[in-house]
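Order of the sequence lines fixes the chain letters, A, B, ..., with proteins taken first and strands second; residue numbering starts at 1 for each chain.
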Number of protein chains: 2
Amino acid sequence: MVTRADVARLAGVSTGTVSHVLTGARSIRPETRRKVLDAMEQLGYTPNAMASALAGGRSRIIAIVFPSQPRTIVGSDLEYVLAATEAARRRGYHVVLWTSGADDLNELRQLVRAGLVQGFLLMQVAMSDERVRFLRSAGIPVGLIGRTRAPGHVPFADADFEQIARLVVDHLAGLGHRTIGMLNAPYERGTRGIGAAVRFADAVRRTCEERKLGCTIVESQHTVRAGREALRELLEAAPGTTGVISYNWEATLGAMHEARALGRPIPERLSLVLCSNGEPESTDPELTTATPPATEIATAAVEALIDHLAAPEAEPAQRLVPSVLVERHSTAPAPGS
Amino acid sequence: MVTRADVARLAGVSTGTVSHVLTGARSIRPETRRKVLDAMEQLGYTPNAMASALAGGRSRIIAIVFPSQPRTIVGSDLEYVLAATEAARRRGYHVVLWTSGADDLNELRQLVRAGLVQGFLLMQVAMSDERVRFLRSAGIPVGLIGRTRAPGHVPFADADFEQIARLVVDHLAGLGHRTIGMLNAPYERGTRGIGAAVRFADAVRRTCEERKLGCTIVESQHTVRAGREALRELLEAAPGTTGVISYNWEATLGAMHEARALGRPIPERLSLVLCSNGEPESTDPELTTATPPATEIATAAVEALIDHLAAPEAEPAQRLVPSVLVERHSTAPAPGS
DNA sequence: TTGAAAGCGCTAACAA
DNA sequence: TTGTTAGCGCTTTCAA
């Protein structure tokens, strides 16, 4: 194994100098730097992560945490995980995926005490999230993908649901739709995306009110069948609905199915916009979307957390990431407009 | 921070003794053990993972690796990740999710050189997987979820596709189906589950031959639309098909859709069995399944790898995990039988 | 701009 | 059965 001492010896400098070349923490004579870099190159040196973690008190590892309660991580969550992993790597950090076995928040604290993990990135953040409270009060760094009702000084990145609601409602209104429906993700506490579901529903409702449009919201579990039932329920509650906003990919599949069965083909007799991550191009017709930009959100959240790790006293970054509307073939002018 | 020295002092023993109480590596007088455990309890001691990794030369971290090429981790893959994470934790290991940015196998070697990771668990293993060759030749411990064509002495756990094929084909044959179709995952190199797709297709084909049943295999991308097209293609190629085996969850959704559109309602005029992980209870009708037991496979693979880490010379564990058939409502007697 | 050296907290070999 | 101690490879302070 090649160690820092080997490099220092070959370069004819001290190990401290080698360290500083690596971290750039103090100015080095260009000539010295060259010698050191050459020596590292020549020896095929790789720094030992454990030694530097021990000596420096920083593991350069953060953990992504999913709630343990509903064991539902769906495909789209993975996009966040992957993006976060890569964003962390670009900053020289590693990511571990943590899924609390029980609701054992103490386990999380242990990870930090063990020096394994420097901080946590929480996914599926609830409006009022006990994990945030617990970790904050234990003095453990936390970042959010999503946000709580009152995020205070916690670094986070989330979709800008207000903006998405405007984007989508205006798109439908522009096509002449006057009665909007929404197929939401489940609201109930502990469920995937709960905070997001609440905020998005609020945003849609408010936007519709401002535009003087009808608005009916139903929720659906993340299954195809639930989606069918939810659409039926929606159209029974508000038969005049011609434009539907979905925040539930699996339910969307069921709704498309059901729309056809009910003689409301998409887009001729019912317009549909998907606002959750999914596979909009795999359906028939392809779905018009305005989805949360998962990669960008995850990246921003990771950077916010890592910056916060470096400067705990500074005001943490809090970002709402806007989306764009992509028109495909599931929206059309309202019937008879 | 509470260190081992604090515990030793309070317990009135040496730090070495504390270590041994923790690892159980040598026999300790029960009385001494008690004192030590009490002291740890009293002080709220948590061992420092970095220090023990550095001193012991073992990080107790393994990495799960997905191929970088097709960036397709789907929902069902997550089941493996979660199960592996928990199995590792039960053995005192942590798991990091690694997704190579480029096809940079060197990056993997770096992780080991840096002492961060002790070994790799590879997912989506191809029939001939260069990752395995590379890591093995670099002397790095590898375990597989899945298997290569010739796994040699690599620890692995995989679904017993021969057994699953028999289970499913016999189920359909028992219902009077004489012409079987298969909706496979994509075969082509580098794609998700490729090795598995090849082996499962082979097993189904062979079993059908033995039972003197017709057998047509089509493959489909992992999208709903591709599934619709694949079913149509299948029924055009073999119009007499009455029983379909699917190894592709997303495509199954499309196929169910298409079956109805073609006037072949499930299960009355077409039986369908799902053999990949998915959500069989969310469709209408609910799907009869014989799916790879993801949790058990991942757990077995993790244990095989960890055992291998401990005893590199020993013969590694290699397990084929059988499945069970769960009858729901997507299979019925063949029409006219 | 650089070097020397004292740890970081733990493991494990050796001694008792 | 238990204690002592020399590292593990790196960071960082203090001096030069």
Rounded interatomic separation in angstrom, taking [atom1] from [X] and [atom2] from [N]:
X        : N       : atom1 : atom2 : answer
Leu54(A) : dG7(D)  : CG    : C1'   : 12 Å
Arg60(B) : dC10(C) : CZ    : P     : 15 Å
Met50(A) : dC10(D) : CE    : C1'   : 13 Å

Quiz prompt | Modelled atom types, side-chain donor and acceptor of Arg4(B) and Tyr45(B), under 3.5 Å | solution =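 The answer is yes; a qualifying pair exists.
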Quiz prompt | Distance-only donor-acceptor check, side chains Arg133(A) and Ser128(A), under 3.5 Å | solution =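 Present: a donor and an acceptor within the cut-off.
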Quiz item: Val18(B) near the nucleic acid: base, sugar-phosphate alone, or nothing, with a heavy-atom cut-off under 4.0 Å?
Solution: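 Touches nothing.
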Quiz item: NA contact type, Gly16(B), heavy-atom cut-off 4.0 Å: base, sugar-phosphate, or nothing?
Solution: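 Base, at least one base heavy atom under 4.0 Å.
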Give a yes/no on whether any side-chain N or O of [X] is located under 4.0 angstrom from OP1 or OP2 of [N].
X        : N       : value
Arg58(B) : dA12(C) : yes
Thr17(A) : dG3(C)  : yes
Ser19(A) : dT11(D) : yes
Thr32(B) : dT2(D)  : yes
Thr3(A)  : dG9(D)  : no

Self-check item: Option passing side chain to side chain contact (heavy atoms under 4.5 Å, CB included) with Tyr80(A) (candidates Asn277(A), Thr299(A), Ile64(A))
Solution: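 Checked Asn277(A), Thr299(A), Ile64(A) against Tyr80(A); only one passes side chain to side chain contact (heavy atoms under 4.5 Å, CB included): Asn277(A).
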